[in-house]
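As structure tokens, the structure follows; a few thoughts come after it.
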Amino acid sequence: PVVMAGVLGIYGLITAVIINGKMDAANYSAYSGYAHLGAGLTVGMSSLAAGLAIGIVGDAGVRANAQQPRLFVGMILILIFAEALGLYGLIVGLVVASTAEGKGKGLCSPYNA
């Protein structure tokens, strides 16, 4: 469970590096900013939910495994499905972050324009 929860932090790091590579101070629009914020929040919240699920299942699974060793495979399967929640959030966040540049031309204009 500890290693699986550590992977969730790597998902956030991957998203941050990709968003940082797409940022350009010369032509960074408000639309891109909100899209990148949404991408980061998507990955963060899905990783938070996956980490909570991994923690609850890991705690109950380790206690149940101590009493009945046959439950180990089932516990691992449930942990893998809990990890998939974070992976789905990473995929959605990457799609949102990668399409932020091309779709927001002229949608958000600054107040002083």
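Put simply, OG on Ser47 and CG on Leu52 are 12.5 Å apart, with the number rounded to the nearest 0.5 Å. In this structure, Ile19 CD1 and Leu94 CG are separated by 8.5 Å, a value rounded to the nearest 0.5 Å. Between atom CD1 of residue Ile76 and atom CZ of residue Phe72 there is a gap of 4.0 Å, rounded to the nearest 0.5 Å. The distance from the CG atom of Leu37 to the OG atom of Ser32 is 12.5 Å, given to the nearest 0.5 Å. From Ser29, atom OG reaches atom OH of Tyr34 across 11.0 Å, with rounding to the nearest 0.5 Å. Met75 contributes atom CE, which lies 5.5 Å from atom CG of Asn65 (distance to the nearest 0.5 angstrom).
Hydrophobic clustering (side-chain heavy atoms under 4.5 Å, transitive across Ile, Leu, Val, Met, Phe, Trp, Tyr) groups Ile80 together with Val57. Using a 4.5 Å cut-off between side-chain heavy atoms of Ile, Leu, Val, Met, Phe, Trp and Tyr, with links allowed through other members, Leu85 and Ile78 fall into different hydrophobic clusters. Ile91 and Val96 are not part of a single hydrophobic cluster, where members link through side-chain heavy atoms under 4.5 Å apart. The hydrophobic cluster containing Ile18 also contains Val43, counting ILVMFWY residues as joined when their side-chain heavy atoms lie under 4.5 angstrom apart, directly or transitively. Criterion: ILVMFWY side-chain heavy atoms under 4.5 Å apart, direct or through other members. Under it, Leu79 and Ile10 are part of a common hydrophobic cluster.
Residues Leu48 and Leu8 have side chains not in contact (no heavy-atom distance under 4.5 Å, counting atoms from C-beta outward). Two residues are said to be in side-chain contact when any heavy atoms from C-beta on lie closer than 4.5 Å; Tyr11 and Val7 meet this criterion.
A side-chain donor from one of His36 and Tyr28 sits under 3.5 Å from a side-chain acceptor of the other.
Here the shortest heavy-atom pairing between Ala39 and Gly93 reads CB-O, 3.3 Å. In terms of heavy atoms, Ser46 sits closest to Gly89 at OG-CA, 3.2 Å.
Checked by atom type and distance alone, the side chain of Ser98 pairs as donor or acceptor with a backbone atom of Val95 at under 3.5 Å.
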